[in-house]
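The structure appears right after this line, and notes come after that.
Numbering starts at 1 and runs along the sequence shown.
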Amino acid sequence: MLNQVRYFQAVVRCGSFTEAAEECHISQSAISQQIKSLEQELGIQLIERMNRKFVLTPAGEYFYKKSLVLVADYDRLVQDAVRIAGKDQAGLRIGYLKSYAGDAIQMAVAFFSEKYPDISVHILSGSHEDLYDALRRSKVDLVMSDQRRAFSDEYVNCSLAHINCCIEIASRNPISALKMVSAEDLKNTPCILVVSKGQQNTEQEYYSDIFGFKGDFLFADSMDEARLMVVQNNGFMPIDEGAAFLGNTTMRIPLYRRDRPVTRHYCTFWKADNSGYYIEEFAEILKEVFSKQYE
């Protein structure tokens, strides 16, 4: 029943069965059936369906509000039980954007581990939505990602840096001779994105809407795979200024929009109700690393 409750919460939060199904990585028909099964289990109607829209019944409104507390308590219960099973070993779980090609995360972990050798550090990489979901479900304590949503009071939002964006493209591609490029220049060249399975459409929409890329999209599961595609001249890859460079096989070209550099805003986030010494300490170390690299 717990999964059914999570699906119900997603439908209410998204205001749409379709969007909730995408967020939960299941089909619309499946999430609709899960809600019906939950209603049958409870013996009450939670949602009143009206064509493509819906409203919560009074019972549904009450159940939704109470279920938020219930699920939050359950997640914390599991988290605490796992810690107890680990004999109270202190640990820090960090998530970072898998398309990030800099070394700030590695350096921050190295500095943190040197300062606190008894604290175990666990690392998770993922797409923006993967990290948001992991943080929301308390699967990680802190994430480093780019800002795509308005800041929420439910989280501590710590700005790290605004970083200029570039493209990486094969040296033998004629576009590599340009001193700067725009999305218009790249409309006939495929864009290569590092993205988790199930998040391809979300990432494609983001880079289409925000960056203005209108050509075809190709997807890679890792930075290494993406760079192999670049050196084969399969397309270009969006990347941050200052990321590790391959040398003669590729070229790094600044990305501009209307004569201004395109930038990405990196931040670190953690739940406001999960703030603690080690989380805040790592955030400070990460912020210091970013400031030294991009000052």
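- In this structure, Met180 shares a hydrophobic cluster with Tyr256, the cluster being traced through Ile, Leu, Val, Met, Phe, Trp and Tyr side chains under 4.5 angstrom apart.
- Listed by chain and residue number, Glu184 satisfy the salt bridge (charged side-chain N to carboxylate O under 4.0 Å, His left out) test with Lys187 (two or more places apart in sequence, or in another chain).
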* Could you walk me through whether Phe213 and Phe236 pass the ring pair (Phe, Tyr, Trp, His ring centres under 6.0 Å) check? -> CA-CA 11 Å; Phe213 298 147; Phe236 71 91; 5.0 Å; yes

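- Every pair passing ring-ring contact (aromatic ring centres under 6.0 Å, His included) that includes a residue from residues 124-175 is listed here, sequence neighbours excluded: His162-His265.
- Enclosure of atom CG in Asp209 by more than 12 non-hydrogen atoms of other residues, nucleotides or ligands within 6.0 angstrom is indicated.
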Please output the side-chain donor-acceptor pairs of residues 26-33 that fall under 3.5 Å, not counting sequence neighbours, one pair per line with the distance.
{"from": "Ser27", "atom 1": "OG", "to": "Ser29", "atom 2": "OG", "distance (Å)": "3.2"}
{"from": "Ser27", "atom 1": "OG", "to": "Ala30", "atom 2": "N", "distance (Å)": "3.1"}
{"from": "Gln28", "atom 1": "OE1", "to": "Thr18", "atom 2": "OG1", "distance (Å)": "2.9"}

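- Scanning for salt bridge (charged side-chain N to carboxylate O under 4.0 Å, His left out) contacts around Glu114 gives an empty result, with sequence neighbours left out.
- The aromatic rings of Phe219 and Phe217 sit parallel, their planes meeting at an angle under 30°, below the 60° perpendicular limit.
- Side-chain contacts under 4.5 Å among hydrophobic residues (ILVMFWY), followed directly or transitively, place Val69 with no other residue at all.
- Counting only residues at least two apart or on different chains, no ring-ring contact (aromatic ring centres under 6.0 Å, His included) pair has a member in residues 26-46.
- At a threshold of 4.0 Å, the pair Glu39-Arg49 counts as salt-bridged, since one of the basic side-chain nitrogens sits closer than that to a carboxylate oxygen.
- Listed by chain and number, the residues in a salt bridge (charged side-chain N to carboxylate O under 4.0 Å, His left out) with Arg136 are Glu23, Asp133 (sequence neighbours excluded).
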Distance-only donor-acceptor pairs under 3.5 Å for side chains of residues 97-108, two or more places apart:
{"from": "Lys98", "atom 1": "NZ", "to": "Asp221", "atom 2": "O", "distance (Å)": "3.0"}
{"from": "Lys98", "atom 1": "NZ", "to": "Asp221", "atom 2": "OD1", "distance (Å)": "3.4"}
{"from": "Tyr100", "atom 1": "OH", "to": "Ala104", "atom 2": "N", "distance (Å)": "3.4"}
{"from": "Asp103", "atom 1": "OD1", "to": "Gln293", "atom 2": "NE2", "distance (Å)": "2.6"}

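- Taking all atoms of both residues into account, the shortest heavy-atom contact from Ala183 to Gly212 is CB-O, 3.4 Å.
- Checked for salt-bridge contact, Glu154 and Lys271 miss the test: no charged N lies under 4.0 Å from a carboxylate O.
- Residue Gln204 holds its CD atom at 9.0 Å from SG of Cys191, rounded to the nearest 0.5 Å.
- Atom CG in Asp240 sits 8.0 Å away from atom SG in Cys166 (nearest 0.5 Å).
- Contacts classified as ring-ring contact (aromatic ring centres under 6.0 Å, His included) and involving residues 29-48 (residues at least two apart or in different chains) are not found.
- Tyr206 has its side chain within reach of Asp146: a pair of non-hydrogen atoms, C-beta onward, lies under 4.5 Å apart.
- If you chain together hydrophobic residues whose side chains sit under 4.5 Å apart, Met50 and Tyr64 never meet in one group.
- Contact check for Phe112 versus Val121: side-chain heavy atoms found under the 4.5 Å cut-off.
- Listed by first then second residue, pairs satisfying ring-ring contact (aromatic ring centres under 6.0 Å, His included) with a partner in residues 7-28 read Phe8-Phe63, Phe17-Phe54, not counting sequence neighbours.
- For the residue pair Ser159 and Lys287, the shortest heavy atom distance occurs at O-CE, 3.8 Å.
- By the 6.0 Å contact criterion, CG on Asp153 is open, its count of non-hydrogen atoms from other residues, nucleotides or ligands being 12 or less.
- Glu281 pairs by the salt bridge (charged side-chain N to carboxylate O under 4.0 Å, His left out) definition with Lys115, not counting sequence neighbours.
- Between Glu48 and Lys53, no side-chain nitrogen of the basic residue sits less than 4.0 Å from a carboxylate oxygen of the acidic one, so the salt-bridge criterion is not met.
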